[in-house]
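First up is the structure itself, then whatever we jot down about it.
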Amino acid sequence: FDPYPVDKIPYREGTRFVGDRFDQIYVIVTAEPNAGDSVKPRRLTSINAGHSAPEWSADGRYVYSARQIDPTADEPFRSMGIFRVRVSDGEATLLTTPDYTCTNPLPSPDGRWIAMTRNPVENLTERMTYLSVLPTDGGEVRDLGENLDRGPEKLAWAREGGALYYTAGWRGEAHVCRADPETGTAEVVHSGAYKASAISAGPGGSLAFAASTPSGLIELYWGAPGETGFVQRTFFNQPLLDSLIIQPTHELNFTSADGQSIHGWYILPVGYEEGEQYPLALNIHGGPHAMWGPSEASMFLEWQFHAARGYVVFYCNPRGSDGYGRDFYRALHASWGEAAFDDVMAGVDALLATGMVDPARLAITGGSYGGYMTAWIVGHTDRFVAAVSQRGVYNLLSFYGTSDVPSLISDEYGVLPWEDPELLWQHSPVAYAHQIKTPLLILHSENDFRVPIEQGEQLFAYVRRSGGTAMMYRYPREGHELSRSGEPLHRISRLQHMVDWFDAYCQ
C-alpha cells in the first residue's frame, strides 16, 4: 500500500505491517477420491480475524479454534474467544464469554470437555493465566489446579481416563502436572531440574515432553508417571555441549529490604579460583512477568558466554515474576521500577557478601522490561560501572502511543496516559536519565514494533545531552526477537558488543 491505511491497533507487529490476510480454517479429503470428487481444500471460515490451529472434536463433526470475538476491535489478544465450527457448513458458535480472553482450545478424547487457557480481560497483562475446561454439552467454565497456584503453559489430554496434563512454571523450572476436570484439583506428577516446553500423552499413561536442563539444551524425554521415571531419548545438542566448558549453576535465596524472599542463581567464571574476586554480569529478565531459572534455554549459551569471558553471572526472579503464585505475580502493580529495584539490589548485595565479586566491577544488562530495569537502576544508583540496555521501555507515555500492546501500560498502572501523565512520567526511566553516569550501551532493532526504537532514541539523547556516556547500536531488519531469532550475524554482533562494553570498564 502507498500510502498505508491504518484504522486499528496494532497496525504493525513482529517485523511487518499487518495486512488484510488472516488465517482461515480449511478441510481437505485425505482418502482416495472417487471419480469426479473434488480434492481441493474446502474453506470453512471467512471472517476478518486470524484463527488458531483447529482441533477436531471426538466425533469429527466440529473443529475448535480461538479467534478474536470482534474483529473490528483493537488488540486482538484482549478479546479472544473459543469457537466451535461445524465441518459440514462452517457455522461458527462462540462458546465463551467476553469477560475472559480464551486461547488454546483442546477437546478431550472422550468428547466431554474442551480444555483451554484463559485470562480475565480486566488488568489482563498482570493476571496469571488460568487452566480451564468447558463441558461440551453446556455448562459453566471450570478453572482447574487453583490448589497449585501455577499458570499453565502446554496442554495434553490423557488418551484414557480423562486426566488433563499440562506444564507449569514453578521457582525457575517448568514441571509436568495433572488436573482432574471433575474435581478441579491438580497435582505435580513429575518435577526436577528442568524446564518442560512441550508435552504429549501416549497410550498406557505414557508421556513425552521436551525440556531443557541446567547443563543442556532442549531434548526429548519419555516415560510414565510413577513408574520408571522419564528417560532422555534424544541427544541432538550433545556434540555442541561436548565441545564447550559448561559451568554449573548455583542457587541463591535471599531476602529483599522489606523481608520478601527472592530466588536467584549465579554461575562462576571459567577458571574460577577461590579467594579471588571477579567482575559481575547482572542479567534481568523481561516480561515483566517472565520467569528465569537454570534451565532457561533462551539464555543458556548467553550466560555461559559471559562466564567464559571471566564474569560471575547473576540473575533472579524479582517481584512480578511468574512461578511464585498469583500474589507475587501482581506485586508490580503501578511500580515496575521501585518494587523490583530493592529485590535485584538485595541479590547483588547477597552475592557481594560471598566475597566472590569485586564491588568496583559491576556490570548490568537486560532486555525489554529488563532493559527498563537496567536504565531504571543506573538512573538511581552509581554502583555499576557498565550497563547494556536492550530493546527497553524507557518512556511509558510515548510507549503507549507507539507499541503494538498499548494496554500493557493501562493494565499495569491502572490509568490511561491522559488520566495521569504525571504518574507514568515518574515511573519512566527517561525521567531519571540525566542522572545516569554509568557508561551506557543501548541496543535496539529498527523494526521492533513491540518496543519501538523511539524508546532507545530517547534514552540515548537524554543521557548524551545531559553529559553522560552513551553509545547506541541500531540493528536493521530486526524486531523485538533479535536475541532469540534474529539474523545469525546480528545475534553474534549483539553478544560481542555487549561483552566488549563490559570489558572496557570491568576488565
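Index from 1, following the sequence.
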With a cut-off of under 6.0 Å to the ring centre and 45° to the axis, is Arg84 in cation-pi contact with Tyr62?
-> yes
Output yes when a side-chain donor or acceptor of Asp149 lies under 3.5 Å from a complementary backbone atom of Arg326, and no otherwise.
-> yes
What do you reckon, are the aromatic ring centroids of Trp265 and Trp303 less than 6.0 Å apart?
-> no
Report yes if some heavy atom in the side chain of Gln458 is under 4.5 Å from a heavy atom in the side chain of Ser398; otherwise report no.
-> yes
Residues pairing under salt bridge (charged side-chain N to carboxylate O under 4.0 Å, His left out) where one sits in residues 1-21, two or more places apart or in two chains, turn out to be none
Could you walk me through whether Tyr64 and Val85 pass the side chain to side chain contact (heavy atoms under 4.5 Å, CB included) check?
-> CA-CA 6 Å; Tyr64 296 93; Val85 182; over 6 Å; no
Run the side chain to side chain donor-acceptor pair (under 3.5 Å) check on Thr365 and Gln390 step by step: do they pass?
-> CA-CA 7 Å; Thr365 188; Gln390 310 170 60; 2.7 Å; yes
Among all residues two or more places apart in sequence or in another chain, which pass the side chain to side chain donor-acceptor pair (under 3.5 Å) test with Ser407?
-> Glu75, Arg78
Heavy atoms, side chains only, cut-off 4.5 Å: are Ile442 and Tyr473 in contact?
-> no
Sidechain N-carboxylate O distance under 4.0 Å for Glu446, Arg477 | no
Expected output: side-chain Glu487 to main-chain Leu489 donor-acceptor under 3.5 Å | no
Glu173 with Lys195: basic N within carboxylate O range, under 4.0 Å = no
Is there side-chain contact between Val415 and Leu423, with heavy atoms separated by less than 4.5 Å?
-> yes
Side chains of His175 and His190 in contact at under 4.5 Å (non-hydrogen atoms) | no
Quick one: side chain to side chain donor-acceptor pair (under 3.5 Å) partners of Ser197, sequence neighbours excluded?
-> none
Using the test ring-ring contact (aromatic ring centres under 6.0 Å, His included), find all partners of Phe328 that sit at least two apart in sequence or belong to another chain.
-> Tyr324
Is a side-chain donor or acceptor of Asn119 paired with a backbone partner of Tyr100 at a separation under 3.5 angstrom?
-> no
Listed by chain and number, what are the ring-ring contact (aromatic ring centres under 6.0 Å, His included) partners of His444, not counting sequence neighbours?
-> none
Mind checking whether His427 and Tyr413 have ring centres under 6.0 Å apart?
-> yes
Contact list for residues 96-105, test salt bridge (charged side-chain N to carboxylate O under 4.0 Å, His left out), sequence neighbours left out | none
Among pairs that include at least one residue of residues 105-131, which meet salt bridge (charged side-chain N to carboxylate O under 4.0 Å, His left out), considering only residues two or more places apart or in two chains?
-> Arg112-Glu182, Arg118-Asp143, Glu126-Arg330
Describe, in one word, how the ring planes of Tyr221 and Phe209 are oriented to each other, choosing from parallel (under 30°), tilted (30 to 60°) and perpendicular (over 60°).
-> parallel
So Trp376 and Tyr372, would you call those rings parallel, tilted or perpendicular, with 30° and 60° as cut-offs?
-> parallel
Applying side chain to side chain contact (heavy atoms under 4.5 Å, CB included), name anything that partners Pro488, two or more places apart in sequence or on another chain.
-> none
Charged N-O contact under 4.0 Å between Arg494 and Glu302 = yes
Counterpart residues, ring-ring contact (aromatic ring centres under 6.0 Å, His included), relative to Tyr166 (two or more places apart) | none
Does a side-chain heavy-atom distance below 4.5 Å link Arg86 with Leu44?
-> no
With Glu412, which residues qualify under side chain to side chain donor-acceptor pair (under 3.5 Å), at least two apart?
-> Thr125, His289, Trp336
Salt bridge between Arg391 and Asp448, side-chain N to carboxylate O under 4.0 Å?
-> no
Only counting residues at least two apart or in another chain, list the ones meeting side chain to side chain donor-acceptor pair (under 3.5 Å) with Thr103.
-> Thr117
No-hydrogen, no-angle side-chain donor-acceptor test under 3.5 Å, Tyr329 and His333 | no
All ring-ring contact (aromatic ring centres under 6.0 Å, His included) counterparts of Phe341, not counting sequence neighbours = none
